[in-house]
Amino acid sequence: MAVEETRWGMIYCPKRSFFQRSSGWEKIGRCIEECGVQFDFIQSENKDSVERLVNMLINNGYKTIIIVGGDSALNDAVNCLMNVDKDTRDSISLGVIPYGGVNDFSRFWGYREGETEDTVKWIKEKRIRKIDVGCMRYTDKDGKEHVRYFHNCVNVGLVASIMKMRQQTHKLSGSRLMSYVFSFVLMIFQRLEYKMHFKINTDVLKRKIMTVCIGNASGYGQTPSAVPYNGLLDVSVVYHPGIMQLIEGFYLLFTDKFLNHKNVHPYRTQKVEFYDTSHALMSIDGRMFPTPEGAFDVTVEKEVINFIIPE
């Protein structure tokens, strides 16, 4: 039986932390029902099941797919849509109800976790914006070529290490703020710089780098001027500052003035080519990702996803 085009296919990604035991779906689902929306709901078993569930919704003909989760779950949905043919992708609209440990892309558009009634109202109005996505092409150790897409950012270096620690501490603290504080404290035990070799536009950088953020959107504050609809990527390259400058950098990051730091070097480009990253840790849309063995490049695909935005 064909699915009605107005029916939403929803994937609920529950939070999993030491203090988060109860499900948040009851409140969210009740709000959706009260708004008179027809929907089918599936709960993800774990972070590895989201892509399978999104593909199931696509194959069953849902035209509106809503992720109730954070940046990582949304990344899985974006990759599923980018792996189907263009006609199918163009017939589907992707939306999000923020409910994750990290909701940076949702906040970029003005969605806020907990404001479910407003979010559902906006999704129901179905105002569509064609958005860009970033694209990383790389080869694994067996010589097989791969592509991974992202809607927010790729981090290489220290910030990816902090993201890893944040995920670990968030499971224990249950608090986004406290997880970042704990991660900052633990950071003093981490490797702070990596010898990298990469090219941005005509600039070839071969030196010690603390972190690189390639943003299709705000990039957790590191690429605050990036927008996912201009066909360009913003890149912030951070050289190794002293400890006081590092503390200043974190202050500027959390006050949306990151680019004011003298050790931050911003670029705008369509392509970044990496030749060597000294096995620096990497994260994509807030989730840890195995660093490619050799060279890889990051580009942008212009206006390829139908994303539902607020009014």
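What you see below is based on every heavy atom in this structure, not just the backbone, and it leaves out hydrogens, waters and symmetry mates.
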Close side-chain approach of [X] and [Y], heavy atoms under 4.5 Å:
X: Phe296; Y: Thr277; result: yes
X: Lys271; Y: Val298; result: no
X: Ile92; Y: Ile58; result: yes
X: Cys13; Y: Val68; result: no
X: Ile67; Y: Ile97; result: no
X: Trp25; Y: Gln43; result: no
X: Thr211; Y: Val156; result: no

Backbone N/O of [Y] and side chain of [X]: donor-acceptor pair under 3.5 Å:
X: Asn79; Y: Tyr149; result: yes
X: Arg89; Y: Val304; result: yes
X: Asn103; Y: Pro98; result: no
X: Asp142; Y: Lys144; result: no
X: Arg127; Y: Pro310; result: yes
X: Asp234; Y: Arg268; result: no
X: Asp276; Y: Met196; result: no
X: Asp71; Y: Asp104; result: yes
X: Tyr220; Y: Gly286; result: yes
X: Lys199; Y: Leu205; result: no

Interatomic spacing from [atom1] in [X] to [atom2] in [Y] - rounded to 0.5 Å:
X: Cys153; Y: Asn75; atom1: SG; atom2: CG; result: 10.0 Å
X: Asp297; Y: Arg137; atom1: CG; atom2: CZ; result: 6.5 Å
X: Met136; Y: Ile214; atom1: CE; atom2: CD1; result: 9.0 Å

List in chain and number order the residues that pass side-chain hydrogen bond (donor to acceptor under 3.5 Å, both in side chains) with [X], two or more places apart in sequence or in another chain; answer none if no residue qualifies.
X: Asp40; value: Arg7, Tyr62
X: Asp85; value: Thr88
X: Asn55; value: none

Is it the case that [X] and [Y] place a side-chain donor and acceptor less than 3.5 Å from each other?
X: His151; Y: Asn216; result: no
X: Lys63; Y: Ser93; result: no
X: Thr269; Y: Asn201; result: yes
X: Gln222; Y: Asn155; result: yes

Distance under 6.0 Å and angle within 45° of the ring axis: does Arg207 meet both against Tyr239? yes
Show the numbers, then the answer: is there a ring pair (Phe, Tyr, Trp, His ring centres under 6.0 Å) between Tyr99 and Tyr12? CA-CA 9 Å; Tyr99 188 73; Tyr12 169 63; 5.6 Å; yes
When Leu53, Ile66, Ile65, Leu57 are each screened for side chain to side chain contact (heavy atoms under 4.5 Å, CB included) with Met10, the one that passes is Ile66
Got a salt bridge between [X] and [Y], using NZ or NE/NH1/NH2 to carboxylate O under 4.0 Å?
X: Arg148; Y: Asp76; result: yes
X: Glu311; Y: Lys126; result: no
X: Lys130; Y: Asp90; result: yes

Co-membership, hydrophobic cluster, residues [X] and [Y], 4.5 Å side-chain:
X: Val204; Y: Val235; answer: no
X: Ile131; Y: Leu232; answer: no
X: Tyr275; Y: Leu281; answer: no

Identify which one of Phe307, Phe150, Tyr111 satisfies the ring pair (Phe, Tyr, Trp, His ring centres under 6.0 Å) criterion when paired with Phe105. Phe307
With sequence neighbours left out, what residues match Tyr229 under ring pair (Phe, Tyr, Trp, His ring centres under 6.0 Å)? none
Check the pair Phe274 / Phe198 against ring pair (Phe, Tyr, Trp, His ring centres under 6.0 Å), numbers first and verdict last. CA-CA 4 Å; Phe274 284 90; Phe198 56 97; 5.1 Å; yes
With Lys208, which residues qualify under salt bridge (charged side-chain N to carboxylate O under 4.0 Å, His left out), at least two apart? Glu193
For residues 114-122, please give each side-chain donor-acceptor pair under 3.5 Å, one per line with the distance, not counting sequence neighbours.
{"unit_1": "Thr119", "atom_1": "OG1", "unit_2": "Glu115", "atom_2": "O", "d": "3.0"}

